[in-house]
Amino acid sequence: MTPQIKKSVADIPEEPIVVEVQAHSNFLVTVGNTGNKFLTEIRDNKTIMGIKCPQCKKVYVPPRTHCPTCFTRMSEWVKLSGKGTLETYTVVRYQEPYMPKEPPYAYGVIKLDGADTGIVHLIGGVDLSKIKVGMKIEPVFKEQREGSILDIDYFKPIG
Amino acid sequence: MTGERIAIVGVGQTVHKSKRTDVNTAELCAEAVEAALADAQLTMKDIDCVILGSFEPADGYSGPDKWIVPEIGAVGKAGFEMQNVGTTGGVVCATGFNMAASGLFENVLCVAWQKMDEAAGAFGRGGGGANEYWTGQFPMSPITNFARRTYDYMTRSGCTEEHLAMVRVKQDQCAQRNKYAQLKLGLTVEKVMNDFLLAWPIRRLHMCPTTAGSAAIIVCPEQRAKKVSKKPVWVEDWFTCHQGGALTMAEDPQASTLGYACKKIYKRCGIINPKKEIQAWEVYEPASTAELRWMEEVGICEDYTAWKLFEQGRVGTDKEIPFNPSGGVTATNPIGCTPVVRVVEAALQVRGDAEEHQVPGTINRALATAYGGQGENVVFLLKKTL
Amino acid sequence: MLKKEEPQDPAVAFRYPRVITYKHSLGYQSKFAHALKMGRIIATKCPVDGRCTIPPRIVCPMHHVRQTEWVDQGQRGKLLSAFKINFPMFDSRTGDLKSWETPIVSIELEGGARMDGWCAEKDTEKLKSGMILEAVWRPPEERKGRVDDILYWKPV
Amino acid sequence: MAQRVGIVAVAQTKFEEKPGLHIGELLYQASRDVMKQTGLEFKDDGTGIDSTIASGYDLMSGPGGAYMFLGYIVGAWQREDERVIEDGSMAVYYGAAQILSGHADVALVVGYSKETQIDKNLIECLSMDQVYQRRIGLDFVSSAALQAMRYTTKYKITPEQLAKVVVKSRKNAKNNPYAYCCDTITVKDVLRSTMLCDPIRVQEAKPTPVDGACALILANEEKAKKLTKKPVWITGMSSCYDHHELGYRDLANCDSLVTAASKAYKMAGITNPLKEFDVAEISEHYAYQEPLWCEGLGLCGKGEGGKLTDSGKTEMGGELPVNPSGGVLSGIPHCLAGMHSVVECALQLRGEADKRQVKGAKKALAHGVDGPAGQLHCVITLEN
């Protein structure tokens, strides 16, 4: 090894640097059999299905395989009309890249008739300032459906 | 120790596969939880605390526990999520043990999972563990890390590629007897030696696979454990021994805290001759070649001599040294969950419930470890009687 | 080693592409980046045992004292190990699969710190531990303050 | 609890935008501060800090395994070093459990967050389930807005009442040298500010981005008494999960907080929280959360959170001052809010809170929250 070079480091600046790093990823999200049934019913039959717990007798939408309160496996499907009541809503007025639409647009928690839980989805087909808690709403399906929750375009007020 | 003595009363794991398209991640966890509850003969109502964890970068989530919790029926229960790269499952178990030993809870459920079939796209640009902006400039991965480790090991010990292949064959023989293991390939030394070379001396078969799987354990404090279980597996001690980037592979290719952790834990538990006093070993080896070094670090043999044991055919489920009777991580590797699988397997060995891959004789003590990052380890000691 | 994915039914599985942009502040490490731009390698030094570390660290991990002293590491180093990646791996800069033809070497620099780099000599057989390597830099105008400002290391 | 766990030292950095600072520097500043206060070092012979528990979202610090390169700063070298991926209060909770278990005598708990390097909303969006809620673009802001709308309509909470929460918070923050946002603001200013996500206005949401770190040292009873003259004791603690799907819960209630609080109160022997506590630090990321969490914590009846704010009981000098530090609405980074609550409570109980001191404070209530619309709550009760 050559003798150690002792160079001064005093001339090297210290001002902070900010580096921009982009992390890209592309996950393959598995829906699972339960989710698959729910999504294909929406795609093929424009039908929203709920799943019923044999113990609690509660109907859950969106569905899951196990009851979140008693951890029983659920398999009984319940056909819902799709109509429901708006429990709460919000109008999004800020923009983020992951959003499905240009703001402003509305989200709502919709308690579907025949289900014990609500589902969160987009609210549309109405002047955003006229959305009211408690209004009756129904789903509007997309023409081209591919098997995703966004096959429901939005929920709109009935009448 | 001033806290409660604790025991594992139930263990569960899914059958590990490379792909699971029939379930989502949460449902995968639920399978493991179902198995653990059935094993412990408890219901979800009995559980009062849940500790969850996965290797997030391969999960697509930031805080996936929020979404998993309802699916495993843990709404209304105490708990939180832990994570630390590869040792995540180890930290999850250690946390569960601490929670149970604290006397705050009666039944603690630890769940870890990884669904690697979803994560195939996770390690693209800027992803995959490379965080400090310059480490991201080299294609660093476990493969390159272990290539370096093994290269260094071979130089120091004098072992050959053939010995590395012997290790892999032993692991495969063990895995063939484990119904939960993923890879069961029927390997021979020739097959391994002719396999595709990733980075010398690491061949594809030497590296751990990507797995979709989940595992769960249920831990109780002493009184409760005696009440609910006929065969509680006592947790003697555990030690989370991390190094938090203190040494990189460039700085020390043998960087590992396992030896240190084992020495410390043996001292605490009064173990003088680990090879005799511990009857079953479940040690996290991300590459089959790592098994050699780990055997030395846990105190089975002198430094850089482990390959001789393989040459003499002394390692295997029914042999003198039952090292990784489950087939180990090279057979099954759902990253964040792998350490929990190690604990599950160690517990099964202690109970004598490992069925086909049960180590013969009484298992009084078993050791399980977790490995992650650049030489971080968690060590667990389980025993049959208090 | 990704296989090209066949198109999936979104009701079974779908892709979720995402981009996260980080604005990492290098903070105390900025000096290291500035040095690279100047064609120099520097490292932090532990005041207790004098160990030099790359990447630079805010404290010495073993002794837990603040490391404020920087030490020039010279341009040459001793080869510790070398290995070659025989399969296409992601370039984390671009996200593309890339073949890596040059071996990765780990070097102990003259100043004592150890770091990784690429090597000009493609035949790993010719790389022997202990041989002296020298840094070959990008032209100054192309340097960005990153470790790959060092194009590769070549045997002296 | 079988034995008491003591907080022997606390520290926090100033909360502000620090774009030029490395994330490790934040960790170093906070952890060194508490180590200096106690004279403790990292040792493996049982005379120093035995264990480190960090909290922080990993994805916020870097793309995967970021903490792997930070642990050494807080003494991870061949030592116990674990990380809770939740709000900081959960790290304190776990730290205390670790001491109760006897596995550690002295634990260092650190929390760090650097919002300036990342889009906070994106990271929070990645906590939502992928098939339903993330697919429609829901994040923590819109989740909170759905909850706010439900809560305010069900219980007729007025915008003025919520604006008062913001005004109080900023007023209190003036007394806190560490606070980020302490401008003078009136109810009118709040109500006039831009709408972010109905009914949440920009001024009613947590200011962002903010950087900072907190640290505490926890010790068992015996060591705590030796290490400090003014130990603060953790008397009760609990966390509790709620449903993830917003539609599965009634957003106007916070059932998991009720459960967490009742468990913690039971441990601490608290029966009338409003009377018994002298000070409370609550993580209100949005203005509506203060009255709602107050209800969940049993400080008032269901739907009476608005009235509680009106009554002035939660102001400085009131019956139970809530957030004398200014709370999260004065700008505490993501993931750090709960730990900051504990730190502030400890300062209050030690009588070291300077201008924001609540006189003679003996019992304090700290609260942390994580997840969409308050899915995971943590309650910690403290005593001097």
Side-chain angles (χ1 to χ4, degrees), chain B residues 1-4 24 26 50 53 56-58 60-67 69-70 74-85 91 94-95 97-104 122 126-132 135 238-246 257 260-261 264 372-374 376, chain D residues 1-3 44 57-74 76-86 90 93-94 97-98 100-103 123-124 126-131 220 238-245 248 255-256 259-260 263 370-372 375-376:
Chain B
M1 299 261 283
T2 52
E4 301 261 354
N24 62 29
V50 284
E56 278 183 17
Y61 276 85
S62 170
D65 58 318
K66 318 273 182 338
W67 169 59
V69 153
V75 170
K77 301 186 194 301
F80 44 81
E81 189 201 346
M82 301 295 290
Q83 196 217 313
N84 192 76
V85 286
V91 177
T95 307
F97 295 162
N98 277 322
M99 291 308 251
S102 71
L104 296 174
N131 93 308
E132 296 271 6
T135 55
W238 63 94
F239 182 33
T240 317
C241 193
H242 286 159
Q243 59 120 329
T257 57
Y260 177 84
K264 189 157 176 170
Q374 313 207 22
E376 318 212 325
Chain D
M1 287 199 279
Q3 51 155 314
D44 59 357
Y57 274 24
D58 209 35
L59 271 179
M60 287 198 59
S61 10
Y67 190 74
M68 204 168 88
F69 297 92
L70 295 170
Y72 76 91
I73 298 166
V74 284
W77 174 240
Q78 294 188 331
R79 289 178 50 259
E80 302 245 5
D81 146 73
E82 292 168 7
R83 195 154 44 92
V84 180
I85 307 284
E86 307 282 7
M90 254 65 82
Y93 179 28
Y94 176 46
Q98 208 177 54
L100 287 176
S101 85
H103 210 70
I123 301 294
E124 291 179 342
L126 293 175
S127 289
M128 310 302 285
D129 81 276
Q130 291 179 328
V131 182
N220 61 16
S238 185
S239 74
C240 186
Y241 277 107
D242 209 331
H243 290 285
H244 180 66
E245 283 79 0
Y248 280 26
D255 298 337
S256 60
T259 314
K263 278 186 192 162
D370 206 325
Q375 192 194 347
L376 174 59

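These numbers come from the heavy atoms of this one structure, side chains and all, not from hydrogens, waters or symmetry mates. So that the names make sense, note that chain A is the first sequence line, chain B the second, and so on, each numbered from 1.
A distance-only check finds a donor-acceptor pair linking the side chain of D/Ser239 to the backbone of B/Gly79 [under 3.5 Å].
Contacts between D/Gln130 and chain B at a heavy-atom distance below 4.5 Å involve backbone atoms as well as side-chain atoms. At a 4.5 Å heavy-atom cutoff, B/Ala26 makes no contact with chain D through either its backbone or its side chain. Proximity to chain B is absent for every atom of D/Asn220, based on heavy atoms less than 4.5 angstrom apart. Heavy atoms closer than 4.5 Å to chain B are found in both the backbone and the side chain of D/Asp81. For chain D, the nearby parts of B/Glu81 are the backbone and the side chain; heavy atoms of each come within less than 4.5 Å. Contact of D/Met128 with chain B is made through the backbone alone, with heavy-atom distances under 4.5 Å. B/Lys66 touches chain D through backbone and side chain together, each having a heavy atom under 4.5 Å away. In this structure, no portion of B/Ala261 lies under 4.5 Å from any heavy atom of chain D. Only the side chain of D/Tyr57 comes within less than 4.5 Å of a heavy atom of chain B; its backbone N, CA, C and O stay farther away. With a 4.5 Å cut-off on non-hydrogen atoms, D/Ile123 touches chain B through its backbone and its side chain both. Heavy-atom distances place the side chain of D/Gln375, and not its backbone, under 4.5 Å from chain B. For chain B, the nearby parts of D/Ser127 are the backbone and the side chain; heavy atoms of each come within less than 4.5 Å. Only the side chain of D/Tyr93 comes within less than 4.5 Å of a heavy atom in chain B; its backbone stays farther off.
No side-chain donor from either of B/Thr257 and D/Gln78 sits under 3.5 Å from a side-chain acceptor of the other. B/Tyr61 and D/Asp129 are not linked by any side-chain donor-acceptor pair at a separation below 3.5 angstrom, with hydrogens and angles left out of the test.
Among the candidates D/Gly371, D/Cys240, D/Ser256, the residue making the largest number of heavy-atom pairs closer than 4.5 Å to chain B is D/Cys240.
Interatomic distance, CG of B/Asp65 versus CD1 of D/Ile85, reported as 9.0 Å (0.5 Å rounding).
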**OP:** In sequence, state the C-alpha distance, the side-chain angles, and the governing distance for D/Tyr241 and B/Val69, and then conclude on side-chain contact (heavy atoms from CB on, under 4.5 Å).
**Re:** CA-CA 8 Å; D/Tyr241 277 107; B/Val69 153; 3.6 Å; yes
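Note: D/His103 and B/Trp238 have parallel aromatic rings, judged against thresholds of 30 and 60 degrees for the angle between ring planes.
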